[in-house]
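Take a look at the structure below.
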Amino acid sequence: MFEARLISSGILKKVLDAIKDLLNEATFDCSDSGIQLQAMDNSHVSLVSLNMRSDGFDKYRCDRNLSMGMNLANMAKILKCANNTDTVTIKAQDNADTVTFMFESQNQEKVSDYEMKLMNLDQEHLGIPETDYACIVRMPSHEFARICRDLTQFGESVVITCTKEGVRFSASGDSGSANIKLAQTSSVDKEEEAVSIEMQEPVTLTFACQYLNSFTKATPLSPQVSLSMSADVPLVVEYQIPDLGHIRYYLAPKIEE
Amino acid sequence: TSEQPKLGSYYEYE
């Protein structure tokens, strides 16, 4: 028996919004420690890694490890039927071929449940080693989203250059070029508005805008985002989901031919 | 021009 309850459906909607741009379907691996998902986009250029800890749920029970393959468009149809303030309970029997989403209104006067067929998906799991990154940039998530959106107008790729002075995002194309520099903030009223840089050595890497923009769909999950970079390894874009876990995106850098 | 490698060229499949 698997049962996981979140006080607000809104958070699950945000999680789904953060992954469904990149993935059509995905396997949710449920265990005692929580719900994990690791999946690559169709082109195998980027990867989503989601972790929702069991202690982040209002109620969590997982008697046996369970892998639930879900069509994310169908899951989105179901979550559309919930109000953000509804409680959501995800339920499945051991070895079941369906999962049930139950929504309860705050006053408990409306209870709805939706059953969805599960899918058997081929799992292609990548082993991602612990890595010490040359640069870790932390910044407001809305700022990162804005930069990605703005630079997409000027080129297909963004060059990210990180030094101890700051981080620079650049794009260029037929119409011209664009550069955005962010310095480390010296003092801020709110911690989530800070820009900070941990640097071992400077890094310059190029990434496809299309994927970066998909990653920013996670912006509503977290006020801050971190970008971890080293020469010639994939970028990690991480959003901490308060009291629940994290979502990480990996993106292979582009290589000049 | 630039080439877009896949993640499999950086990480091993488990």
Side-chain angles (χ1 to χ4, degrees), chain A residues 22-23 27 29 36 38-49 67 122-131 133 155-160 170-174 204-212 215 228-237 248-257, chain B:
Chain A
L22 290 163
L23 310 172
T27 300
D29 293 311
Q36 271 95 33
Q38 195 214 69
M40 277 183 282
D41 73 289
N42 275 340
S43 64
H44 287 203
V45 166
S46 71
L47 177 143
V48 182
S49 173
S67 289
D122 285 335
Q123 290 240 62
E124 289 178 302
H125 232 256
L126 286 178
I128 300 169
E130 282 286 312
T131 307
Y133 289 94
E156 286 180 0
S157 304
V158 172
V159 179
I160 306 178
S170 312
S172 59
D174 296 341
T204 297
L205 289 165
T206 304
F207 300 102
C209 287
Q210 176 203 337
Y211 295 98
L212 296 177
F215 303 166
S228 301
M229 292 171 285
S230 282
D232 305 320
V233 300
L235 161 77
V236 187
V237 178
R248 290 185 190 138
Y249 302 94
Y250 294 78
L251 177 61
K254 284 185 151 188
I255 299 171
E256 291 303 316
E257 275 183 337
Chain B
T1 58
S2 55
E3 186 203 337
Q4 176 63 74
K6 294 176 190 289
L7 279 178
S9 54
Y10 296 93
Y11 301 129
E12 304 252 338
Y13 284 89
E14 283 183 334

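Order of the sequence lines fixes the chain letters, A, B, ..., with proteins taken first and strands second; residue numbering starts at 1 for each chain.
- By the 4.5 Å heavy-atom criterion applied to side chains, B:Ser2 and A:Ile255 are not counted as neighbours.
- Contacts between B:Glu12 and chain A at a heavy-atom distance below 4.5 Å involve the backbone alone (N, CA, C, O).
- Side-chain contact check for B:Tyr10 versus A:Tyr250: every heavy-atom pair is 4.5 Å or farther apart.
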Give the intermediate values and the outcome of side-chain contact (heavy atoms from CB on, under 4.5 Å) for residues A:Glu124 and B:Tyr13.
CA-CA 7 Å; A:Glu124 289 178 302; B:Tyr13 284 89; 4.0 Å; yes
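- Remark: the backbone N or O of A:Ala252 is paired with a side-chain donor or acceptor of B:Gln4 at under 3.5 angstrom.
- By the 4.5 Å heavy-atom criterion applied to side chains, A:Met40 and B:Leu7 are counted as neighbours.
- Only the backbone of A:Ser46 comes within contact range of chain B, judged by heavy atoms closer than 4.5 Å.
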